[in-house]
Amino acid sequence: MKNQIEQLKKEKNAVILAHYYAPAEVQEIADYVGDSFYLAKIAKKSNADIIVFCGVYFMGESAKILNPEKKVLMPDITADCPMAHMVTDGIIDEMRKKYDDLAVVCYINSTAALKCQSDVCVTSSNAVNIVKNLPNKNIFFIPDKNLGRFVAEHVSEKNIIINDGCCPIHAKITADQLRTEMDNHPDAKVLSHPECEAEVLELSDYIGSTADIIAYTKNSDVESFIICTEDGVNYKLISDNPDKLFYYPKPHPCCADMKLNTLESVLSVLQKEDREVIVEDTVRTGALVPLEKMLELAK
Ligand code: 13P
Ligand code: SF4
């Protein structure tokens, strides 16, 4: 299958992008593997005719919005992020009426329709910096309450209103599960994604995006880590640090949607080109504005 994928990629001038949460065998055949921010930047720069996005729908959708002239395919078009939809209808308008200087800051894990109603997108690697540098005092942060609270703690000079969505995978990690791992591995450093709940972050030595967590383990002299994020990241962690040990809260945090990306589905979508991301023109132009603003502000 790997040889067939390689062959088709060349024939069709296709590039494969995979998130760190995709299964190991998919990360292995991908041309670019990264977190949401890195992949959005790569999608914007790519010269390929076809982008195969091994992630969840909002990622493929963002790639299409940034590259309307390219064909964006997804191995499984049903791979979706539940958090991307977690904003109540009408609440953005309500907030805009309440505060006249409001900036709606939208985590990239959101539908294109929500992006259309937002001023700027962010990812977990740039959210704090972007919010800090906005001229607005009042910020409505959607959809993730946990990343929103993390940003609010780092930008205390602003009034940050937090929406009630969350990532079901990160939010399921409990402080008790983490304490069990900490008791079993007292020398391990705890590294957590800001999508985790407050009580997990309070117990953590370091909080950062998936890419930040990976960089931390590489640059640290410590030999063991407890990782509070999706377990797909383990592929990169052990390839970068073959002599270090990585533990996860139990049950392992695992995003079933990300795991819909398989070698079989990558090969099949490259053969048939049948699972294409289509974004209607008005939605595309509306969602492009906050996405481009993020790329600009994060420079
Ligand atoms: P990052 O890629 O920004 O770390 O976000 C994690 C995530 O949950 C992606 O869906
Ligand atoms: Fe969405 Fe969470 Fe899965 Fe990321 S890990 S795609 S935020 S459900």
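What you are looking at is a predicted structure, and each value in this text was computed from that prediction instead of being measured. Whatever order the structure lists them in is the order used to number ligands and atoms, beginning at 1.
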If we only consider heavy atoms of [X], is any one of them less than 4.0 Å away from an atom in ligand 1?
X    : answer
Y20  : no
H19  : yes
Y107 : yes

Applying the side-chain hydrogen bond (donor to acceptor under 3.5 Å, both in side chains) criterion to Y21, which one of N261, T210, D231 satisfies it?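 Of all the options given, the one that passes is T210.
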With a 4.5 Å cut-off on side-chain heavy atoms, are [Y] and [X] touching?
X    : Y    : answer
Y20  : I214 : yes
I161 : Y99  : yes
E230 : H19  : no
N67  : E69  : yes

I would like to know whether H85 and D80 meet side chain to side chain donor-acceptor pair (under 3.5 Å); could you show each step before the answer? CA-CA 10 Å; H85 307 268; D80 197 11; 2.7 Å; yes
Would you mind checking which non-hydrogen protein atom is closest to [atom], with the distance to 0.1 Å?
atom                    : value
atom 7 (C) of ligand 1  : Y21 CE1, 3.4 Å
atom 2 (Fe) of ligand 2 : C167 SG, 2.3 Å
atom 7 (S) of ligand 2  : N109 ND2, 3.2 Å
atom 3 (Fe) of ligand 2 : C255 SG, 2.5 Å
atom 8 (S) of ligand 2  : P82 CD, 3.5 Å

Can S209 and D212 be said to form a side chain to side chain donor-acceptor pair (under 3.5 Å), step by step? CA-CA 5 Å; S209 73; D212 293 335; 3.2 Å; yes
Decide, counting backbone as well as side-chain atoms, whether C81 has an N, O or S atom less than 2.8 Å from atom 1 (Fe) of ligand 2.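 Looking at C81, which is the residue asked about, there is an N, O or S atom under 2.8 Å from atom 1 (Fe) of ligand 2.
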Should the ring pair H252 and Y248 be called parallel, tilted or perpendicular, given that the plane angle runs from 0 to 90° and is split at 30 and 60?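 Taking Y248 first and then H252, their aromatic rings sit tilted (interplane angle of 30° to 60°).
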Check the orientation of F225 and Y216. Use parallel for under 30°, tilted for 30 to 60°, and perpendicular for over 60°.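 If you compare the ring of F225 with that of Y216, the planes turn out perpendicular.
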Show the atoms of ligand 1 that are less than 4.0 angstrom away from any heavy atom in [X].
X    : result
T210 : 1 (P), 2 (O), 4 (O), 6 (C)
S124 : 1 (P), 3 (O), 4 (O), 5 (O)
M59  : 9 (C), 10 (O)
E195 : 5 (O), 6 (C), 7 (C), 8 (O)

N109 contact mode with ligand 1 (heavy-atom cut-off under 4.0 Å):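 The part of N109 near ligand 1 is the side chain, not the backbone.
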Is T123 close to ligand 1, meaning an N/O of one under 3.5 Å from an N/O of the other?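 For ligand 1, there is no N or O atom that lies under 3.5 Å from one belonging to T123.
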Look only at interatomic distance and state if H170 has a nitrogen or oxygen under 3.5 Å from any nitrogen or oxygen of ligand 1.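 Looking only at distances, the answer is no, because the N/O contact criterion of under 3.5 Å is not met.
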Does E195 come within less than 4.0 angstrom of ligand 2, counting non-hydrogen atoms of the residue?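 Right, E195 reaches ligand 2.
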Electrostatic pair D35-K236, nearest N-O below 4.0 angstrom: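 K236 and D35: not salt-bridged.
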Test: E6 and K9 ion pair at under 4.0 Å: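 Yes, charged N to carboxylate O under 4.0 Å.
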